[in-house]
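Here the structure comes first, spelled out in structure tokens, and everything after it is commentary.
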Amino acid sequence: DAHHERTQRRRLVDDALVPRLFLGRWPGRVARDLARRRLGAARRGGIDADAVSPGHRGQAALLAATVVNLPFGTLYAFSVFLKPMEALLGATRAEMGFVFGLATVTLTVGMNFAPQLYRRLSPVTLALACGLTSGLGLVLAASASGFTQFALGYGVLFGPGAGVLFIIAQQAVNQTVIVRRGLANG
């Protein structure tokens, strides 16, 4: 059994040497870490993310980015719903313009702060926090009975969360898609 484990380790390390050409300055450490993760996952009977083919990771990243960014399209479609929202909320065109402007500014702020947050928090934690914030903002905006609640939900909560999520999703696509990157990012 010990011989089998040594052979398995050797095979995993050999398999891990291939990516070292693409991973940067410390290929030995990267290969060892990759082999340890694979061996640990095999021992636990779990699935290792590195065992998934790069093509499938890219497809998963594109699908996730598409799903995460669907609510982002509400900014582009804001003008389509402008008159019904004005009537429903009893808001003026200037107030609705303010909410749109606030959402655009906070979205941009979220996009610009995303790299700093990405360095400090894990992508999963960051995505969940921003997803919850954006989702809460959309729920608050959808149930709004007045201008203030709508501005808080859509402009203050949804905007920055959607901006950070957009950058995280774009980064995932950039890191995983191998073929036709320009098409995936375009």
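In this structure, the side chains of V99 and F147 come closer than 4.5 Å at one or more pairs of heavy atoms. A heavy-atom distance below 4.5 Å is found between the side chains of M85 and F150. Between L132 and L136, the closest side-chain pair of non-hydrogen atoms is not below 4.5 Å. Residues P71 and L138 meet the side-chain proximity criterion, which asks for heavy atoms closer than 4.5 Å. Counting heavy atoms from C-beta on, the side chains of T133 and F158 never come closer than 4.5 Å. Two residues are said to be in side-chain contact when any heavy atoms from C-beta on lie closer than 4.5 Å; R93 and K83 meet this criterion.
Other residues, nucleotides and ligands contribute at most 12 non-hydrogen atoms within 6.0 Å of the CZ atom of F98.
Contact detail for C130 and G161: the closest heavy-atom pair is CB-O, 3.7 Å. Taking each heavy atom of A151 and L102 in turn, the nearest pair found is O-CD2, 4.0 Å. Contact between L89 and S145 at its shortest, heavy atoms only, is CD2-C, 4.1 Å.
The backbone N or O of T104 sits less than 3.5 Å from a side-chain atom of T108, completing a donor-acceptor pair. For Q149 (side chain) and A141 (main-chain N/O), no donor-acceptor pair under 3.5 Å exists by modelled atom type. T106 places a side-chain N or O within 3.5 Å of a backbone atom of G155 that can act as its donor or acceptor partner.
Linking Ile, Leu, Val, Met, Phe, Trp and Tyr residues whenever their side-chain heavy atoms come within less than 4.5 Å leaves L121 and M111 in two separate clusters. By the rule that hydrophobic residues join a cluster once side-chain heavy atoms approach within less than 4.5 Å of another member, L75 and F81 end up as members of one cluster. V67 and L126 fall into different hydrophobic clusters, where Ile, Leu, Val, Met, Phe, Trp and Tyr residues are linked whenever their side-chain heavy atoms come under 4.5 Å apart, directly or through other members. When hydrophobic clusters are built by joining Ile, Leu, Val, Met, Phe, Trp and Tyr residues whose side-chain heavy atoms come closer than 4.5 Å, directly or via intermediates, L107 is grouped together with F166. Connection of I168 to V124 is not established within any shared hydrophobic cluster, with ILVMFWY side chains joined at heavy-atom distances below 4.5 Å, either directly or through further cluster members.
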side-chain contact (heavy atoms from CB on, under 4.5 Å) between Y118 and I167: does it pass, once the steps are laid out? CA-CA 9 Å; Y118 189 75; I167 296 300; over 6 Å; no

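The structure places CG of L128 at 9.5 Å from CG of L165, a figure rounded to the nearest 0.5 Å. Interatomic distance, CD of E95 versus OG1 of T148, reported as 8.0 Å (0.5 Å rounding).
Aromatic rings from F78 and Y154 are positioned such that their centres are separated by under 6.0 Å.
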